[in-house]
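Please read all numbers here as calculations on a predicted model, not as lab measurements. Reckoned from all heavy atoms, side chains included, excluding hydrogens, waters and symmetry mates. Residue numbers begin at 1 in each chain, while the letters A, B, ... track the order of the sequences.
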Protein chains: 2
Amino acid sequence: MRQCFYPSLSKMPLSHILNALSDPARLKIVKILLEKGEQPCGGFRMTVSKSTMSHHFKVLREAGLIQKRGEGTTHITSLRRDEIEARFPGLLNAIAAANKPL
Amino acid sequence: MRQCFYPSLSKMPLSHILNALSDPARLKIVKILLEKGEQPCGGFRMTVSKSTMSHHFKVLREAGLIQKRGEGTTHITSLRRDEIEARFPGLLNAIAAANKPL
DNA sequence: TTGATAGTTCGATTACTATCGAATAACAAA
DNA sequence: TTTGTTATTCGATAGTAATCGAACTATCAA
């Protein structure tokens, strides 16, 4: 698996994070990671193409929200929970709480 | 002052809210409202043109985040704090808390 | 009525972004 | 080595959005 760059959360502007989360597909990805933990790409069961999924993963990764590790032919995606919480306390909780009424 | 439509927060998707907040100028507007309370348009001291400001106010209003009331020739903008808090508990706090390290 | 102030709307431009299919890369199993 | 699986990258396209100046609306004051 190719190496990729993971930005430091400590210098990440909040607007970048919110921009990454403002797409419904990406918000769904994050919600699934929050609720079910780390997933392979196929674990998200979205209706968009593989290349579009890769694009969304890239946006989330460059915003500092997710990381990947390779396991054989699959890439496991996980949230950078602790770092996000340290930089933006309560943000993930607010997103998780918003699941209920939807 | 012309009447305008204020959407119900109860049906507002989180992604719309986050999209409205994902622009640095709009995030700054919300932060100012959080810290200093309601403001006339001129109270924000931003570097963009008046028409651009109007555009950002419209996006924030249509996302259910702000409301306006006319007072003479000025329009006072305020946050819909309680409604936002009821629909997305903790979201405004998370934004307010993120001010500190910046 | 005339002028000043505050803000919105319109039309245009420019830049960004979501999406896809095709090509590619990495890996495992046969 | 060949084949199948998983996922990324590339190039194109279509839609969206940020920005501005100019024109307009509304209100108050002189």
Between A:S54 and D:dT8, is there a contact of a side-chain N or O with OP1 or OP2 at under 4.0 Å? yes

Rounded off to whole Å, could you give me the CD1-to-P distance for the A:I76 and D:dT5 pair? 18 Å

Round to the nearest Å and state the distance from B:H56 atom NE2 to D:dA18 atom P. 6 Å

ILVMFWY network linking B:V59 to B:M53, side-chain heavy atoms under 4.5 angstrom: no

Quick one: A:F57 CZ to C:dT19 C1', roughly how many Å, whole number? 15 Å

B:K68 side chain N/O closer than 4.0 Å to the phosphate oxygens (OP1, OP2) of C:dT8? yes

Distance in angstrom units between B:L60 CG and D:dA18 P, rounded: 10 Å

Could you give me the CA-CA distance, side-chain angles and deciding distance for A:L21 and A:R26, then say whether side chain to side chain contact (heavy atoms under 4.5 Å, CB included) is met? CA-CA 6 Å; A:L21 294 171; A:R26 291 195 292 265; 5.9 Å; no

At 4.0 Å (heavy atoms only), tell me whether B:R26 reaches a base, stays on the sugar-phosphate, or touches nothing. sugar-phosphate

Nearest-Å distance, CZ (B:R61) to P (C:dT8)? 8 Å

Length of the line joining A:K50:NZ and C:dA18:C1', which is rounded to integer Å: 18 Å

Could you go through B:R69 and B:E71, starting from their C-alpha distance and side-chain angles, then the distance that decides it, and tell me whether this counts as salt bridge (Lys or Arg N to Asp or Glu O under 4.0 Å)? CA-CA 7 Å; B:R69 65 172 204 277; B:E71 262 188 23; 2.9 Å; yes

Listed nucleotide nearest any side-chain atom of B:D23, set C:dG7, D:dA7, D:dA18: D:dA18

Measuring to OP1 and OP2 of C:dC20, would you say a side-chain N or O of A:S51 lies under 4.0 angstrom away? no

Phosphate OP1/OP2 of C:dA26: any A:T73 side-chain N/O under 4.0 Å: no

For D:dA7, does either OP1 or OP2 sit under 4.0 Å from a side-chain N or O belonging to A:H75? no

With a cut-off of less than 4.0 Å, is there a side-chain N or O of A:S49 near OP1 or OP2 of C:dC20? yes

Judged by nearest nucleotide, the residue sitting upstream toward the 5' end of DNA chain C, A:N19 or A:T52, is A:N19

If you draw the axis of the six-membered ring of A:F57, does the NZ or CZ of A:K68 fall within 45° of it and under 6.0 Å from the ring centre? yes

Let me know the distance between CG of B:L18 and C1' of C:dT17, rounded to the nearest Å. 17 Å

From CE of A:M53 over to C1' of D:dT8, roughly how many Å is that when rounded to an integer? 13 Å

If only side-chain N and O atoms count, and only distance matters, is there a donor-acceptor pair under 3.5 Å linking A:T52 with A:S49? yes

Give a yes/no on whether any side-chain N or O of B:H55 is located under 4.0 angstrom from OP1 or OP2 of C:dT9. no

